[in-house]
Asker: 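So that we are looking at the same thing, I have put the structure below in structure tokens.
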Amino acid sequence: MTAPVRTRFAPSPTGPLHIGGARTALFVWAYARHHGGQFILRIEDTDPERSERRWEDEILDGFRWLGIDWDEGPDVGGPFGPYRQSERAAMHLGVAAQLRRAGWAYPCFCTRERLDAVREQQQARRETARYDGLCRDLDDETVKRRIDAGETFVLRFRVPEGSTTFQDQIRGRVTFEHAEVDDWVMVRGDGAPTYNLVCVCDDSAMQISHVIRGEEHLVNTPKQILLYQALGEPIPSFAHVPLMLAVGGKKMSKRDGDTALADYRRKGYPVEAVINFLALQGWALDGETEVFSRQQLVEHFDVGVVSKSGSVFDLQKLSWLSEQYVRTESPGQVLDHGLPYLESAGLANAAAVAADRAWFERATETARERITTYSDLPDQLAYLFAADDAVEYDEKALAAATKQGTVHLAAWHAWARERLVEPIDAAALGAATKDWIGESGIKLPQLFQPLRCVLSGKPGGPDLFEIVALLGAARTTARIESGLARLTAAAEPS
RNA sequence: GGCCCCGUCGUCUAGUCAGGCCUAGGACACCAGGUUUUCAUCCUGGUAACAGGGGUUCAAAUCCCCUCGGGGUCACCA
């Protein structure tokens, strides 16, 4: 019987969740779910200076949105809690004390100034910068005397001679010479434990079987393995997923655009598209299938086949995926998702939509093929809410309309007047109009371009008779009448 | 700079571990057609890559070495 798979994602609540972090979390989660194991959320708030509770809340909220659920975490607790590292400090310090008694850790009295000087010299000599070991072999007597004298000190881990090799699930065999590994600080001068200590303590205590994390942690791995060995604890399996890169190939930073998961949520990307996209950055279902669900991801996911190289954030692919998902939704679903954007654009609110649900759904349906994200909805529908005598005419629409003149539009309007009564049957009106055009001996654009301009002010868009039906008889008539005057005025040389 | 990791179309990738099925497949983007009252959707087709150089082998995108390029990391941050 093999040990259960237990994975964790351990964000530090010092800012919004990075989109790359979200992808790492997705992989970590998918791995656990694929193997029927547990996924644990742990908050790495060991930096009191920068950690804030509001970031923790936002990060958890982001995961809820993504549908990444956790079995144990700061909000739901669990058998290995607490799940905030700041609340586990006593345990961490206990381990540090144990390590010190066993000779694995030693106090170091070096000042930052001295450390900085040492580092500078090493860099000048083009060597690996690391602690030079001045306090490594201080005798007990000296240590006691200096501590009693009130000197502050940190606790360093005593890295032994040799090398550490481990099997990374993504990268294969990786070796680090210990000569390159620093005698790193486990406990700070103020008595607070540091990352590598708490990470190993907690992963060990929480019985994490697979440590899956970002590539930036690769160099920490030998330090952590050494610590597991010093503690006599089983070493988990490691996998380091590559970074998400900005277009230039560098690590994504603020100036490269939206780096936070929340940015994409705010912009109205369907959550399924975000999940699908994130999964595609570094992983492929079968090399052919591009659009797949969260369930399919879980079913097929394996961390071992995740790409070794970093992937450039492909916004165009995200947009395409977004469109794919939007189009699979019913008009009602798109409307519900787009409502917040309609509201902030001042076009409609929940009450208005509820009062005229069928109309709003019909309007949304005409826009569904033309939007990338939910936030694009207001732009597509705005013309429907304009004042009938002040529809904004797009330059291209106006040019096309004036080119055709107003004669045919006026003639059609005279013909259509008796048909513009509720309820309007868009399909029937369209068919009848085409017959009328045939009988009139004119071309379609001669009517349609001016009509489209006066009704929507746009050069393109949904079926004209859908627009007529949406506007209704009275507003259609009003737009044509004021439009006729406006087009005539526009055509006159000034 | 030291150490570690990586290098297939512009981008995301399949293929690499188990060399031949690869005149390198798919997708986004782009270009050209078609459908359409317009825009969009949709359909069809096209351009486009094994970083470079040496080996090993009957055979290399796949194995080995070197070079070049990119990234990560070098904190009393995580």
Side-chain angles (χ1 to χ4, degrees), chain A residues 10-12 14 44-47 49-51 85 108 110 112 115-116 119 122-130 152-156 168 170-172 174-177 179-182 184-196 198-199 214-222 240 242-243 245 247-251 277 280-291 304-305 307-321 323 327 366-371 380 396-397 400 430 433-434 437 443-445 447-449 451-452 456 458-465:
Chain A
S12 63
T14 55
E44 309 233 321
D45 57 347
T46 52
D47 183 349
E49 301 281 300
R50 299 191 301 146
S51 296
Q85 289 187 318
C108 167
C110 294
R112 293 184 198 241
L115 262 17
D116 289 343
R119 188 159 37 239
Q122 288 168 335
Q123 278 171 352
R125 269 182 270 127
R126 300 186 162 181
E127 290 172 0
T128 298
R130 61 183 183 278
T152 60
F153 63 95
V154 301
L155 220 50
R156 286 184 186 275
D168 187 284
I170 294 174
R171 277 146 224 289
V174 180
T175 298
F176 286 89
E177 295 296 328
E180 304 293 339
V181 181
D182 212 5
W184 51 281
V185 173
M186 289 188 347
V187 180
R188 291 187 259 256
D190 65 0
T194 64
Y195 168 72
N196 282 117
V198 299
C199 181
E215 190 182 359
E216 69 269 25
H217 287 291
L218 193 57
V219 293
N220 284 321
T221 309
H240 291 91
L243 266 23
L245 276 19
V247 173
K250 306 274 184 194
K251 204 170 172 177
F277 171 72
L280 242 20
Q281 297 269 306
W283 184 77
L285 194 148
D286 57 10
E288 300 277 317
T289 310
E290 306 284 336
V291 180
V305 299
S307 165
K308 292 182 180 68
S309 53
S311 46
V312 173
F313 189 93
D314 190 353
L315 187 62
Q316 286 183 317
K317 189 116 177 198
L318 205 211
S319 294
W320 176 78
L321 276 168
E323 289 162 4
R327 279 161 209 156
T366 67
R368 189 178 45 184
E369 308 290 290
R370 273 166 267 268
I371 60 174
Q380 288 295 325
K396 273 189 193 159
T433 296
K434 280 175 190 168
I437 288 171
K443 305 276 190 203
L444 290 175
L447 169 64
F448 285 162
Q449 288 183 344
L451 182 56
R452 182 173 291 284
S456 73
K458 295 184 176 183
D463 176 76
L464 273 171
F465 304 97

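Letters A, B, ... are given to chains in the order of the sequence lines, protein chains preceding strands, and every chain is numbered from 1.
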Asker: Pick base, sugar-phosphate or nothing for T175(A), based on heavy-atom distances below 4.0 Å to the nucleic acid.
Answerer: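 Counting heavy atoms under 4.0 Å across all strands, the contact made by T175(A) is with sugar-phosphate only.
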
Asker: Could you tell me which residues satisfy side chain to side chain donor-acceptor pair (under 3.5 Å) with S319(A), sequence neighbours excluded, listed by chain and number?
Answerer: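 For S319(A), no residue satisfies side chain to side chain donor-acceptor pair (under 3.5 Å) once neighbours in sequence are set aside.
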
Asker: Restricting to nitrogen or oxygen on both sides, can you table the protein-nucleotides 39-42 of chain B pairs closer than 3.5 Å?
Answerer:
from	atom 1	to	atom 2	distance (Å)
rC39(B)	O2	R370(A)	NH1	2.4
rC39(B)	O2	G461(A)	N	3.3
rC39(B)	N3	R370(A)	NH1	2.5
rC39(B)	N3	G461(A)	O	3.3
rA40(B)	O2'	E369(A)	O	2.5
rU41(B)	O2'	E369(A)	OE1	2.7

Asker: Using a cut-off of 4.0 Å on non-hydrogen atoms, how would the nucleic acid contact of H240(A) be classed: base, sugar-phosphate, or nothing?
Answerer: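 Touches nothing.
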
Asker: Using nucleotides 15-17 of chain B, report all nitrogen or oxygen pairs with the protein that are shorter than 3.5 Å.
Answerer:
none

Asker: Heavy atoms from C-beta onward define the side chain here; which of rA78(B), rG72(B), rC4(B) lies closest to that of S12(A)?
Answerer: rA78(B)

Asker: Would one find a side-chain N or O of R119(A) under 4.0 angstrom from OP1 or OP2 of rA75(B)?
Answerer: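 Affirmative; the distance criterion is met.
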
Asker: Between atom CG of L451(A) and atom OG of S456(A), what is the distance when rounded to the nearest 0.5 Å?
Answerer: 9.0 Å

Asker: What is the nucleic acid contact for L318(A), judged by heavy atoms within less than 4.0 Å: base, sugar-phosphate only, or nothing?
Answerer: nothing

Asker: For nucleotides rU11(B) and rG53(B), find the distance between their C1' atoms and express it as a whole number of Å.
Answerer: 28 Å

Asker: Using the C1' atoms only, state how far rG19(B) lies from rU57(B), rounded to an integer number of Å.
Answerer: 9 Å

Asker: Looking at the side chain of N220(A), which of rA78(B), rG2(B), rC4(B) is the nearest nucleotide?
Answerer: rA78(B)

Asker: Say we look at rG72(B) and rU67(B): how far apart would their P atoms be, to the nearest angstrom?
Answerer: 22 Å

Asker: When rounded to the nearest Å, what value does the distance between C1' atoms of rA51(B) and rU44(B) take?
Answerer: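 Nearest-Å result for rA51(B) against rU44(B) at atom C1': 35 Å.
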
Asker: Can you list the residues that meet the ring-ring contact (aromatic ring centres under 6.0 Å, His included) rule with F176(A), with sequence neighbours excluded?
Answerer: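 In terms of ring-ring contact (aromatic ring centres under 6.0 Å, His included), with neighbours along the sequence ignored, F176(A) is linked to no residue.
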
Asker: Given rC76(B), rU38(B), rA78(B), identify the nucleotide with an atom nearest to the side chain of E44(A).
Answerer: rA78(B)

Asker: Tell me what D168(A) touches on the nucleic acid: a base, only sugar-phosphate, or nothing, going by heavy atoms under 4.0 Å.
Answerer: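 No contact at all - D168(A) keeps every heavy atom at 4.0 Å or more from the nucleic acid.
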
Asker: Sequence neighbours left out, what passes salt bridge (Lys or Arg N to Asp or Glu O under 4.0 Å) with R368(A)? Give chain and number order.
Answerer: E365(A)

Asker: Work out which heavy atom in F277(A) is nearest to a heavy atom in D314(A); give both atom names and the distance.
Answerer: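 In this case the closest contact between F277(A) and D314(A) is CE1-O, 3.2 Å.
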
Asker: By the 4.0 Å heavy-atom rule, please label G214(A) as base, sugar-phosphate, or nothing.
Answerer: nothing

Asker: Consider the side chain of E290(A), meaning its heavy atoms from C-beta on, and name the nucleotide among rC12(B), rC3(B), rA27(B) that approaches it most closely.
Answerer: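 So the side chain of E290(A) is nearest to rA27(B).
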
Asker: Using a cut-off of 4.0 Å on non-hydrogen atoms, how would the nucleic acid contact of S319(A) be classed: base, sugar-phosphate, or nothing?
Answerer: nothing

Asker: Give me, pair by pair, the N or O atoms of the protein and of nucleotides 6-11 of chain B that are less than 3.5 Å apart, along with how far apart they are.
Answerer:
from	atom 1	to	atom 2	distance (Å)
rU11(B)	O2'	D314(A)	OD2	3.3
rU11(B)	O2	D314(A)	OD2	3.4

Asker: Pick the C1' atom in rA14(B) and in rC28(B), then give their distance to the nearest Å.
Answerer: 15 Å

Asker: Counting any heavy atom closer than 4.0 Å, what does Y195(A) reach on the DNA or RNA strands: base, sugar-phosphate only, or nothing?
Answerer: base

Asker: Compare the minimum distances between each of rU73(B), rU13(B), rC76(B) and the side chain of V219(A), then state the nucleotide with the smallest one.
Answerer: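 So the nucleotide nearest the side chain must be rU73(B).
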
Asker: What nucleic acid atoms does L464(A) come within less than 4.0 Å of, heavy atoms only: base, sugar-phosphate, or nothing?
Answerer: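 Counting heavy atoms under 4.0 Å across all strands, the contact made by L464(A) includes a base.
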
